[in-house]
Amino acid sequence: MKQISILVPCYNEEENIRPFREEIRRVFRESFSDKYTLELLYIDDGSRDGTLERIRELAREDPDVKYLSFSRNFGKEAALYAGLEHAFGDYVAVMDVDLQDPPSLLPEMAKALESGEYDVAAARREDRKGEPPVRSFFARLFYRLIRKISDVDIVDGARDFRLMTRQYVESLLELKEYNRFSKGLFGWVGYRVKWIAYENIKREKGNTKWSFWKLFLYSIDGIVAFSVVPAVMAAAFGAVFCAAAFLFLFVVFIRAMIYGDPVAGWPSLVCIILFVSGIQFFFMGVLGEYMAKTYMEVKRRPVYLCRESNLGRRREEDKGA
């Protein structure tokens, strides 16, 4: 019998650990009982509440529940990578524990993969109902921008929620980078994708861990990871301003030859200097961001550190085999 592994990154989600397991169990009872076994792999991303204790309780009750607990908060991207490394199901799903990724879509996803026509079935939201308007506006703006400046197809409304074949997972694991942007990595590896649309679902318990500022920084990570257009723009702006400087120098020289050397116009000159300086510092920041990402990559630090796990030595041996 084949196995489905479900990866569940968790950070301060103690209220949602058990309800999520119960909903997954219900879906498996109704749709998968005679076809697939379940592996439910929680990845505790350094939670500071009772998340880990709730997971331990489930693991004692249910042998299908596995978990990893990080030494500190490494972020969702690290949690996803850890889950992919330690999941050995024939199909592997990534889901959020807050039930905003509806488990009821799993049977349809599995059916798409079973047909052999697709390598991954991925969920996308039809709308952003329930989100603050400002957040929705900037999210749509980000997706339009990233599609224009990169070669990776990142679908607007795409979630991390997806069911993947073993081949697709192994391809993702070949991407060893430290600075990870999973939405881009999912698109970069390619393969045949079945998109399944659904209406946005509100979180029932707890609060989102993604503030506007965190999402903004995450979007910058995505742009830097999958496009060099900002760096090219820096060079283009430099060339334009150099050309403009030579042109103005020529104009000033001709004017001085004809009319003398009047001192009028210094306020506009100050404004131009401040503007050009601002552009310079902005693009120094852009280039610095690329350099910072490169710096983190060449140090070759591990993506995460595991403090506790119930996977046992067998998993480590299987991973190294």
Side-chain angles (χ1 to χ4, degrees), residues 5-27 38-62 64-87 92-103 123 125 128 130-132 134-136 138-139 158-162 178-183 200-222 301-311:
S5 297
I6 300 180
L7 316 181
V8 193
C10 307
Y11 179 64
N12 294 343
E13 295 282 2
E14 61 178 335
E15 296 175 299
N16 292 307
I17 299 300
R18 188 172 290 274
F20 179 84
R21 197 283 300 261
E22 296 305 321
E23 183 64 15
I24 290 294
R25 277 296 185 195
R26 183 191 66 79
V27 170
L38 169 67
E39 177 186 52
L40 189 55
L41 178 55
Y42 288 98
I43 303 96
D44 171 41
D45 187 18
S47 298
R48 298 180 180 179
D49 61 356
T51 296
L52 180 57
E53 184 53 41
R54 301 288 88 76
I55 295 173
R56 288 194 192 110
E57 290 173 2
L58 285 184
R60 288 193 289 267
E61 299 170 10
D62 187 346
D64 293 333
V65 173
K66 309 295 180 182
Y67 70 89
L68 293 166
S69 181
F70 289 171
S71 61
R72 64 170 178 84
N73 179 239
F74 283 90
K76 185 178 180 181
E77 294 294 341
L80 288 178
Y81 182 70
L84 293 173
E85 277 197 316
H86 291 85
V92 178
V94 173
M95 301 183 69
D96 285 346
V97 73
D98 56 17
L99 291 174
Q100 287 188 287
D101 296 336
R125 293 181 295 183
R128 296 182 177 275
E131 277 191 358
V134 173
R135 179 169 165 173
S136 296
F138 280 103
R159 301 277 293 176
D160 290 331
F161 179 27
R162 58 193 59 220
Y178 178 84
N179 299 286
R180 305 184 68 81
F181 182 72
S182 288
K183 283 184 171 62
N200 191 35
I201 299 174
K202 289 185 178 180
R203 164 192 282 265
E204 293 187 7
K205 297 181 179 180
N207 299 312
T208 180
K209 309 307 181 293
W210 289 94
S211 64
F212 181 83
W213 179 246
K214 286 184 177 179
L215 286 171
F216 175 72
L217 295 178
Y218 187 58
S219 67
I220 291 177
D221 285 342
R301 287 178 178 172
V303 177
Y304 65 92
L305 295 173
C306 182
R307 185 177 67 87
E308 180 182 337
S309 168
N310 72 338
L311 296 176

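By convention here, the first residue in the shown sequence is residue 1.
Ser309 places a side-chain N or O within 3.5 Å of a backbone atom of Tyr67 that can act as its donor or acceptor partner.
Between Tyr42 and Arg21, some side-chain heavy-atom pair lies under the 4.5 Å cut-off. Under the 4.5 Å side-chain criterion, counting only non-hydrogen atoms from C-beta, Glu13 is not in contact with Val8. At least one side-chain heavy atom of Phe20 sits less than 4.5 Å from a side-chain heavy atom of Ile6. Looking only at side-chain heavy atoms (C-beta outward), Arg54 and Arg18 stay at 4.5 Å or farther from each other. Using a 4.5 Å heavy-atom threshold, the side chains of Leu80 and Leu7 count as separate.
Scanning for side-chain hydrogen bond (donor to acceptor under 3.5 Å, both in side chains) contacts around Arg25 gives Asp62, Asp64, with sequence neighbours left out. Applying the side-chain hydrogen bond (donor to acceptor under 3.5 Å, both in side chains) test to Arg60 and every residue at least two apart in sequence or in another chain returns Glu53. Every residue meeting the side-chain hydrogen bond (donor to acceptor under 3.5 Å, both in side chains) condition with Asp45, not counting sequence neighbours, appears here in chain and number order: Asn73. Remark: Asp96 pairs with Lys76, Asp98, Asp101, Arg159 by the side chain to side chain contact (heavy atoms under 4.5 Å, CB included) rule, at least two apart or across chains. By the salt bridge (charged side-chain N to carboxylate O under 4.0 Å, His left out) test, Glu308 pairs with Arg56, sequence neighbours left out. Residues passing the side chain to side chain contact (heavy atoms under 4.5 Å, CB included) test with Glu23 are Arg26, Val27, Leu99, Pro103, sequence neighbours excluded. Applying the ring-ring contact (aromatic ring centres under 6.0 Å, His included) criterion to Phe70, with sequence neighbours excluded, gives Phe74, Tyr304.
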- Message: Would Leu41 and Ser5 count as a side-chain contact (heavy atoms from CB on, under 4.5 Å) here? Give the steps.
- Response: CA-CA 7 Å; Leu41 178 55; Ser5 297; 6.0 Å; no
- Query: Should His86 and Ile43 be marked as a side-chain contact (heavy atoms from CB on, under 4.5 Å) after you check the CA-CA gap, both sets of side-chain angles, and the distance that decides it?
  - Reply: CA-CA 10 Å; His86 291 85; Ile43 303 96; over 6 Å; no
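For the atom pair CZ (Arg48) and CD (Glu14), the distance works out to 14.5 Å, reported to the nearest 0.5 Å. Here the straight-line distance linking atom CG of Asp44 with atom CD1 of Ile17 works out to 8.0 Å at 0.5 Å rounding. A distance of 10.0 Å separates CD in Glu57 from CG in Leu52, rounded to the nearest 0.5 Å.
Looking at every heavy atom in both residues, Ser47 comes nearest to Cys10 through OG-O, 3.6 Å.
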